[in-house]
Each structure stands twice: as C-alpha cells, then as structure tokens.
Amino acid sequence: MSIPSKFTPSAIEQKWYEYWTEHNYFHSSPDARKAYTIVIPPPNVTGVLHMGHLMNNTLQDVLIRRARMRGFNACWVPGTDHASIATEAKVVNKLKNEGIDKTDIGREAFLEKAWDWTHEHGGIILEQLKKLGCSCDWERTKFTLDEDMSKSVIKVFVDLYEKGLIYRGFRMVHWDPEAQTTLSDEEVIYEEKQGNLYHIAYAVENSDEKVVVATTRPETLFGDTAVAIHPNDERYANFHGKKAIVPLVNRVVPIIKDDYVSLEMGTGCLKVTPAHDENDKMLGDKHKLEFIDIFNSDGSLNHQGLHFEGQDRFAVRKAVVKELKTNGSLIKVTPHTHKVGTSERTKAVVEPRLSDQWFLRMESLAKPAIDAVENEDVQLVPKKFINTYRHWMNNIRDWNISRQLWWGHQIPAYYYGTHNENVVVADTKQEALEKAKKKTSNNTLTLEDLTQDEDVLDTWFSSWLWPISVFNGILEPENKEVSYYYPTQELVTGPDILFFWVARMIMSGYALRNEKPFSHVYLTGLVRDSQGRKMSKQLGNSPDAIKLMDMYGADGVRVGLLLSAAAGNDLLFDENLCQQGKNFANKIWNAFRLVQSWNVDENLSVCKTAAVGLDWYTAKFQQTLATIDDHFSKYRISDALMSTYKLIWDDFCSWLLEIVKPAYGASIDAETYQKVCVLFEDNLRLLHPFMPFLSEELWHAFTPRTKEEALIVSSWPTQQDIDIELLDKFDYSAELISQLRTIRKKQNIAFKEPIHLLETSEDKISLRLIVQKLVNISLWDLTDAAPEQSLSFRVNAHEYFVPVTASNLEEERSKMEEELSYQEGFLKSVQKKLSNERFVANAPEQVVDLERKKAADAEEKIATLKSRLNAF
RNA sequence: GGGCGCUUAGCUCAGUUGGUUCAGAGCACUUGGUUUACACCCAAGGGGUCGGGGGUUCGAAUCCCUCAGCGCCCACCA
C-alpha cells in the first residue's frame, strides 16, 4: 500500500468527526465519575467564526479532551446568544434595504422576521466549530431565547424584583440614537475626540452685563434652565440673585450658586441643561430647575429646538454656532480635546437622556463575588486581572437592564389603570392579573386591562445565568443535572467581557445558588492583526477562519494559534504559525510512514543500540510528561504544546527514530518494533488534545481498534519514575555527537566515511552504541598521548581526538588558543569570587562549592589545552 | 485624573524564592546537505550591555528608586 508523503488533513477530518459523533463520545450524562464541565461563551447566534472564536474554542477543546482522557466525565455545553442589540440591528438593516421601517410592521411581524433571520443564519457558527474539531455535547445545545431559557430569565427577574433588587427609575441613561435604545455603562466606550470649547455670552436680565459660559455642546442651550456659578467666585458676585437670558430661545433662567462649579474650569460659569447631562441633572434636582428634553429619539431636535426642529444634533451644533456668531453672543472658540461616549455596538455618540428604565441593584450582589475572587475560590488566569476586577466590583453601579428593543426577553412588568406607576411583575400575564387584582382589590380587572412593558432585557441579563440555566438550574434548582455539573470547572473567554459577563456570572452564581459558577477563568488574549490592531469585522482584517482550516487543516490552525497564545497576552496573528502547525502534522505523518515501512523480522535478536535508545526515550517521555502536566496545571497551554512539539519532533523523530532505524535493506526485530509503536502511540495520547484529527487517524492506523478503544476515550499517560542518570548520559552523548558532526562538516568528511575516535582515558558516560551509529564511528580507541595529526575537542572536561590527514591544523591551534584564553578569563572571574571573603562567608555552602568545582574544572581544561598546544 | 501591567535575539515570548557556564525557546536568518519518512526535511552556525540611569547585595534580567516609551482598565468634570 502506498501512503502519500504529504499529509492531507481534509481527507481525514470529516471522517473522524463523524466517527466521534456517531459513537457519541461527546455526550455526557451524570454518572459515578467526577464531572469536568465547561460552558461555552455563547457566540452571537447569527455570527460567523472569527479568529477570537477559533482561539477560544481550541483552548476549551484542548482542556475538555484532556480531561476526558484523564477519566473525568467531560461535558462541554455549546450554545448561542440571541445578541439582542446586534441581531436587531442586522434585521433592521435588512428591512431598511427592503424599504421597511420596523415601526411600520410592528412588534409581532418584526419578531417573525428576526426569527426567520435567526433560522437562516443561526447555528452556522456551531457548524464551523465542528470543523475545528470541538468536542461539544451537541445534544445539550442551548439558545438564550429557547423556551426554558427564557422562562429562567423571566423567573430570575421576578424573583429579584420581589427581593427589591430590581427597580424602575427615572434616570439619566446612555441613549444610542442610532439603535434607539438605552445602553448600560459598560456598553459605552469613551473615545478621545477633538472638539471645541465655545464661550457664549448670556445677557443678564435688567443689566448691560453678560455672563459668559463655556460649553462643548452649544446645541443644548435649547434645554438650558439655569446658569451656575460658584458661591465664592468674587468675579461673579454681582450676579447673585439675578437672571440670565439664554440666547436664541430668549428664555429667562436663574443664575444659581453651587459649589459643584469649578473656579478654574472654563469661564467659571456653567450652563445647566438638566435633561441632557448627568451633573446638570444633579443641579436640576437640587435647585428644582425645569427639565427640558430637546431631542427626539433619533438624535434630532424636537420642537424645543425652534427652527432647528428635525435637524440632527451635529448639524444643529454648527448652525447654532453660526447664529450665535451673527448675533454677537459667541465670544471665542478654543480647541478642546475631551472624551466622548460612543455606543459599543453602533459607534454612535451616545446622548445622556432622562428616561424610565429598569435597574438592578448591584452592591449586595457584588460582595460575595468580590470575596470569591479575592480568596481564589474563583481563580482568574492570569492573576493580573484580579486588580481590574476588584476595582470595578468595588465601584459597581446599578445595572440598567432594560433596552428599547424588540428582539429579546420582554420585561415581565405589566401596567394597568391610567398611571404607569401601577405595575405588577409576574412570570405570566395571567399571574400578573391575579397580582394586580390583589393589589388593587379590584376583581373586575381583565387581561385586557394589563399592558406589558414594551422593553426587553439587556442580552447579558440572560447570559449571566448561562452556567446555571443550561442545566435548568433556575426552574428546577435541585435537579440532578445541575447538581452534578454545577459548579463548572473552566471558563475560557476574552478579558473584554470580564465585566459584561464574567463578573456578572460570578454574582448570579452566588445570588441564585450560593455557589461559584466555575473554579477557573482563563482569560485569553485578543487576537490582533500583524499591525497590532484588534481583529474585527468592521475593519475587515480578520482572515476567513474556514479558509484557514482548508489551507492548513484544523489541526494545523489549532497548533498555530496555541503556539503563541500565552494567557492574557495578545496574539499578533501570523499565518506562518498555521504553516508551522501544518508542518508539524506533516512531520508526524511521515514519522508514521517510516515506522510503517519497516520490515519486521520475528527471528532477529533484539538490537542493543535500539534498546538503549528506547530506554532513554522512555525516560525522556516521562520527564516531558511531568513538564507538560505542570504546564497544564498552570494553564500554560502554549508551553504544554511546545513541550509536546519538541518531544515529538526533536526527541522522538530526530533522535529515537534515527537510533532505531534499521540499516538500508535490513529488517527490524519484533521486540524493538513493538516498543517503538507503543511509544509512538503514547506520543499520540499527548498530542490528541492539540491535534485530535491526526492523532486519532494514526491511532487507528497502527492497529484496528474497537469503538471503546478510540483515542478520544483512551487514557492520558501516567507518571512513572524517571531514570535521570540515563538522561544525563544521553545529554553527554548528544553533545559528543554534535561535536563530531561539526568536525565532519568543517573537515568535509562525508557521513559514509567512518571516523576514528581516540581518547586518552575511557569516558564512562557516553552511550557508545548510539554515538557510533549516529556519527558512523569505525574505531573508538584508547591512546597514550595526544596524536599529532589530529583535531581535539572536549565534552565537559573529557578530551577526544580525531586523526585527520588534512594539514590545516593551524586552524585547530587558533581555536584552542581561543578556548584557552576564554577558560583562563573564566577561571580568573571564579577565583576572584572565591577570594572574596564576604562571598565565601555569606553565600550558601552549595553555591561556594559549586564555584570551587567550576574552578577545578577550568583548571583541568586549561592544563589539557596547554599540554596540547605544547605538543604542536 | 486614578489604577494595573509591560519593555529580554530580526519577530513572538519563557526566565518560579536574587546564586549551576544563565542570558533561553520557537519562528526567521546564515552555511552545508539527493544518508531510500519528511526540502512542510536534515545537520551545523551567527545573533541580545535583559529600555536608560542610580541604589541595595559577596552576587541583580530577577529586589528598591527614578526617567523614558508602550498597552489596558476605570472616571460625570463644562
């Protein structure tokens, strides 16, 4: 049978994924084993796979596959998020292209369109995860708008409302004029922008004087209902008790005194627009000022904006400035950089706006969640995020959970009667009716009298329940599943949603189950492009994940991503990494081809050279296994992979296979062959979490396996004793081999030409059989004195000679002189240390001994070098 | 404005409590190579004053101070 020399991933990926799903290896149900659970950070239902997902889910799959092999009942729960604002924006856009406004068709019809969209595009991303090899328990796939998930959300809302943690408040909120909804504090990104500070003169009533205010937002003057000065500001003492006249609108407003006003800032006079600035609202409440809302929900001015009605706020800003200039009210304009809040989703400049919204009180929820992270009950990896977390949690503000959108969980608040204050909160409309009847003692109320709140809940109000709700732990808190799987083990996600999601899940965990949601949070770095920019669809700088997998294979892409992905460190994505992953796959494939090609002879006696090599590799494997396990325990996944990479490529392929490889045309003895295969298979075990497809393919290629014997459900190697002495001997031998190879190269001695190796005393360390085989040594003799026509070299302090016929010994001489001067310098520095009394007195004995040994070694080397040089 | 973190080879990063010849790894690079698994390969090799300055110590990439540069998070300042 001919096996292709190039490994083609596409030929096996689908086959093995189907095999795994067919035999249900991914599925988990509670049993006697210990559970190892990961819930996926649910991607947007209509999203497509990007580099961040690739990275994230590869990590999760590595963890879950290794756990499965280690005998845990591994359960990885997949699912998607309805992504309220993002999905609604997409659907609105689509309708817009069809010339339809969402308000035209109404809520019901819009939701139907949104569901159509979801069904059409939904779940694509989960299919793409399969291509990556993710071993999710697909039977458990959840969607945040599934019926039971929705019921869970509603139940939590009702419970928290009844506990008094959810309230309705008329507050200053962030308004996204493009999406036409409020946003939470976390959804607002402050960006530094170049703007202007406009100095505008307001006339003082019954006076010739003017009061000059400074503002970055002149267009808001239509909403001005006061001018504020500091009570102790002597410059403006004469304005006390007077009134100012707002330009353009000619509104007469009081000049109020408040020590909130800064003496240094701007002109020291502040225009007060209570309806459009949080601080101004505070002043408005305190001084009982009028609140005048001047904006429509799309950011254009309403009738308060007089002749500017209907125009956009930014156009109005320009126009207002022009008019103020014309009438002489504009004193001056100075450039001014300031931070402007923008919407995380739509990038629109957010507008502070007063409105009725639902809020969740966070303070009491935060407390146990802070403790959990502080005492490492929940461990953040890397640890540096603890600070960020603590700071945010200690300053947490109430969470605005209502959104003026349709796509999402409609708030279960029902209004009745004429006033909006008449509200009941209940799981269903029917229950709401009962509650309302009770509350009003009015038995004549009917369902028609109740109107449900139009708004939906923030997307994160469903995702913060995810680790509980996927196991139905909200509706049935004592059910077998949630008791078994919760709390979960790992959460793998990006630091960008530490507050949006991670912190809130920790809070909900303690609030709803009095138990952490997960033990570890692995925060990955952001995948950036080669210029260091964040990869995003908006920038279009993200490579097509599917194409990448087609080009390099899923295994190759997994390896490529993991190689450079230290936790919490951003990864500058470079396709070369995937190429490296693919090369690795090819290397392993060819190693397999080599082993397969060997002719096994049952009658041959065991090869002694191979036996030494196998013993060494067994020790090396054990040593590396310990390193790999240690890396995993510290979540140093890329280091674990690199250790595996070097073990297989360098130690297994470059060393062991070369040692074991039979001569051309010769056969291999059965015992050696068997041992090589077993070790190869052990390598595949280590490899499986990283490269599941290739490893499973070769696992079955070695020998036919039943479904119970598949690699995915086989075992992770266990630690055995490590033969350290043998490892040392091998390292010594490897150094000897390397030196001999250098001589071959420098002297142009072909491999086929055997080398005669001499030494004056026998080295007791090197593994002669191996050295002889790998550098082709014909004779290895003792000699009384250094031969004249020879090159010498040392491994540690032991000297070897290779007789040469070539006469370029001058080069050898200068090389030795160079080494002599280095050794002498080195000896000098060591002796200096040793002659320092304070060093000898203060340093630990071990360290001093070590220095003494160094000195002795150097002296010995110097002696041999000198005698050699004399011999020339 | 406050807080946190980073700066080590051309690139991406390791470097546990200061102490083995400790200055490392992978990639990239240079040179040589048809050794019949693999050129997606093999072998050998070059390359860094550990951001600058100061200090503590017998000893500093590692601890302290300071300066510079970069990044992230938080914050309502006109």
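Order of the sequence lines fixes the chain letters, A, B, ..., with proteins taken first and strands second; residue numbering starts at 1 for each chain.
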**Q** Going by purine N1 to pyrimidine N3 plus the second Watson-Crick contact, or the G-U wobble pair, all under 3.5 Å, which nucleotide sits opposite rU56(B)?
**A**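 Its partner: none found.
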**Q** Answer with yes or no whether the side chains of Q739(A) and E735(A) bring together a donor and an acceptor at under 3.5 Å.
**A** yes
**Q** Under the 3.5 Å rule, do the base of rU20(B) and the side chain of K853(A) count as making a donor-acceptor pair?
**A**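 Result: no qualifying N/O pair found.
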**Q** What is the pairing partner of rG71(B), taking Watson-Crick or G-U wobble pairs with both distances under 3.5 Å in any strand?
**A** rC4(B)
**Q** Who does rA28(B) pair with, Watson-Crick or G-U, both distances under 3.5 Å?
**A**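 Here rA28(B) is not engaged in any pair, so there is no nucleotide opposite it.
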**Q** Report yes if a donor N or O on one partner sits less than 3.5 Å from an acceptor N or O on the other, where the partners are the side chain of N279(A) and the base of rC76(B); otherwise report no.
**A**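 Present.
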**Q** Tell me, do P218(A) and I200(A) make a side-chain contact under 4.5 Å, heavy atoms counted?
**A**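 In contact.
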**Q** Looking only at side-chain atoms of R397(A), point me to the closest of rC58(B), rA37(B), rC76(B).
**A** rC76(B)
**Q** Please state whether the base of rC38(B) and the side chain of K587(A) form at least one donor-acceptor pair under 3.5 Å?
**A** yes
**Q** Can you identify which nucleotide, out of rC74(B), rC76(B), rG15(B), has its nearest atom closest to the Y190(A) side chain?
**A**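 The answer is rC76(B).
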**Q** Rounded to the nearest Å, what distance is computed from the CD atom of residue E278(A) to the P atom of nucleotide rC76(B)?
**A**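 My rounded result for the distance is 7 Å.
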**Q** For N394(A) and rA75(B), give me the distance from atom CG to atom P, rounded to whole Å.
**A**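 Value for this atom pair: 13 Å.
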**Q** Could you state the CD-P distance from Q580(A) to rC13(B), rounded to the nearest angstrom?
**A**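 It works out to 15 Å between those atoms.
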**Q** Just so I know, are the side chains of I637(A) and L641(A) near enough to count as touching, which here means a heavy-atom distance under 4.5 Å?
**A** no
**Q** What contact category does K661(A) fall into here, base, sugar-phosphate, or nothing, at under 4.0 angstrom with non-hydrogen atoms?
**A** base
**Q** With a 4.5 Å heavy-atom cut-off, do Y645(A) and F690(A) have their side chains touching?
**A**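 With C-beta onward as the side chain, the pair stays apart.
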**Q** Distance criterion of 3.5 Å, no angle test: do you see the side chain of E658(A) paired donor-to-acceptor with the base of rA37(B)?
**A**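 Check passes, donor-acceptor contact within cut-off.
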